[in-house]
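I'd like to ask you about the structure that follows.
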Amino acid sequence: MTDESQLNLFDITPFDAPPDPPSFNPELIPTRADIPIPPGTYTSVDELSIPCNQCHRCGLGANRTHAVIGRGNPQAPIMIIGEAPGQTEDETGLPFVGKSGELLEKILASVKLSTEKDVYICNINKCRPPGNRTPTPEEMAACKPYLLEQIRLVNPAIILLTGATAVKGLLKEKRGITKIRGQWFEWEGKLYMPIFHPAYLLRNPSREKGSPKWLMWQDVQTVSAKLAELGLK
Ligand code: SF4
């Protein structure tokens, strides 16, 4: 959809023309950053694929091969939110594939959690930043309405934020990831826990007590215990 036709959606209907009957057409959702996406715009996470693949709310839309929406169970009790797609994700349209994704699956399996049943995985930004750079605050803000719709639709009890950028994208928290990982935060009735990004664990393979991998193991056990406490496991 061109910018002009997006703006035309907001033209005032002439008095002599009856308004169109209300009906949902995801292709007509405005995708410019200055046009809001109110809560309740979408009825399923799958619907987001259409507007996100047409979206130019930020500059990242210019170079994408695929917008990366999410994978896993759309009714899962746990949502994992990462930063933005990398090259393989951009090519496949799926988040957390490749080595980081493999490690994440192993971490979840270590406490008997699976992406088919227990987890829905997505990112703060749906399109790949050039050279895998960190998304800017403006790019994160432009994409946030889609993420808020995903959170509303999946309605997880627990949200895990992988890495510092995911934390900055959602929580008003300035402390670094090493200071806040493993801690529970509460916001809008949901429990949030920052955890290390799997890519960081790949760069720090030690399993010694106190190492990033060891700390991740503590965190994932805490998450598993909380899920059981909530009667969701
Ligand atoms: S990153 Fe998000 S806001 Fe930016 S173009 Fe892609 S879908 Fe739109």
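This one's a predicted model, so the numbers in the text were calculated from it and none came from an experiment.
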Exercise. Report yes if the side chains of Pro156 and Ile78 come closer than 4.5 Å at any heavy-atom pair, otherwise no.
Key: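 SC-SC contact between Pro156 and Ile78 ruled out.
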Exercise. Report yes if some heavy atom in the side chain of Val220 is under 4.5 Å from a heavy atom in the side chain of Ser110; otherwise report no.
Key: yes
Quiz prompt | For the student: nearest non-hydrogen atoms of Gly70 and Tyr120, plus distance | solution = CA-OH, 3.5 Å
Practice problem: State, with a plain yes or no, whether a side-chain heavy atom of Val119 is found less than 4.5 Å away from one of Leu104. | Solution: no
Practice problem: Find the distance between CG (Leu108) and OG1 (Thr115) and round it off to the nearest 0.5 Å. | Solution: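 Spacing of CG (Leu108) from OG1 (Thr115) equals 7.0 Å.
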Self-check item: Heavy-atom check, side chain of Leu160 versus side chain of Asp219, under 4.5 Å
Solution: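 Contact flag for Leu160/Asp219 side chains = no.
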Quiz item: Checking Asn73 side chain against Gln75 main chain: does a donor-acceptor pair fall under 3.5 Å?
Solution: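 Checked: pair present.
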Exercise. Please determine if Lys233 and Asp118 form a salt bridge, counting it only when a charged side-chain N lies under 4.0 Å from a carboxylate O.
Key: no
Exercise. Report yes or no: do Val154 and Val68 belong to one cluster of Ile/Leu/Val/Met/Phe/Trp/Tyr joined by side chain heavy-atom distances under 4.5 Å?
Key: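 No, it is not one cluster - the side chains of Val154 and Val68 are not joined through contacts under 4.5 Å.
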Exercise. Test Leu147 against every option in Asn123, Leu48, Leu170 by the side-chain contact (heavy atoms from CB on, under 4.5 Å) rule and name the one that passes.
Key: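 Per the side-chain contact (heavy atoms from CB on, under 4.5 Å) rule, the option paired with Leu147 is Leu170, out of Asn123, Leu48, Leu170.
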Quiz item: With no hydrogens and no angle check, is any side-chain donor or acceptor of Thr41 less than 3.5 Å from a backbone partner on Pro38?
Solution: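 Between the backbone of Pro38 and the side chain of Thr41 there is a qualifying donor-acceptor contact (under 3.5 Å).
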Quiz item: Is there a donor-acceptor contact under 3.5 Å from the side chain of Asp90 to the main chain of Thr65?
Solution: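 Yes, the answer is positive, given that a donor and an acceptor are paired below the 3.5 Å cut-off.
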Practice problem: Return each pair, listed once, that meets salt bridge (charged side-chain N to carboxylate O under 4.0 Å, His left out) where at least one residue sits in residues 139-157; pairs must be two or more places apart or across chains. | Solution: Arg133-Glu139, Glu149-Arg152
Exercise. Measure the shortest side-chain to side-chain distance between Phe96 and His197 over non-hydrogen atoms and say whether it is less than 4.5 angstrom.
Key: yes
Quiz item: Can you pull the salt bridge (charged side-chain N to carboxylate O under 4.0 Å, His left out) pairs that have at least one residue in residues 91-117, sequence neighbours excluded?
Solution: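 Passing the test, one end in residues 91-117: Arg71-Glu105.
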Self-check item: Main-chain N/O of Asn53 paired to Arg64 side chain as donor or acceptor, under 3.5 Å
Solution: yes
Self-check item: Test item: Gln150 and Ile69 side chains (from C-beta on) under 4.5 Å apart, heavy atoms
Solution: yes
Quiz item: Tracing side-chain links under 4.5 Å among I, L, V, M, F, W and Y, which residues wind up in one group with Leu94?
Solution: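 ILVMFWY cluster around Leu94 also holds Val97.
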Quiz item: Are any side-chain N or O atoms of Ser206 and backbone N or O atoms of Ser211, one a donor and one an acceptor, separated by less than 3.5 Å?
Solution: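 No; zero donor-acceptor contacts below 3.5 Å.
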Practice problem: Mind listing the closest non-hydrogen atom pair of Glu83 and Pro135 along with its distance? | Solution: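 It is OE2-CD, 3.4 Å.
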Practice problem: State plainly whether the residues Arg175 and Glu173 are in salt-bridge range, i.e. N to O under 4.0 Å. | Solution: yes
Self-check item: Side chain Arg32, main chain Arg57, donor-acceptor under 3.5 Å
Solution: no
Quiz item: Between Tyr192 and Trp187, how do the two ring planes meet: parallel, tilted or perpendicular, split at 30° and 60°?
Solution: tilted
Quiz item: Side chains of Val223 and Val111: does their closest heavy-atom pair fall under 4.5 Å?
Solution: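 They are not in contact (no side-chain heavy atoms under 4.5 Å apart), so the answer is no.
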Quiz item: Hey, does Tyr200 have a side-chain heavy atom less than 4.5 Å from the side chain of Thr162?
Solution: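 No; the side chains remain at least 4.5 Å from each other.
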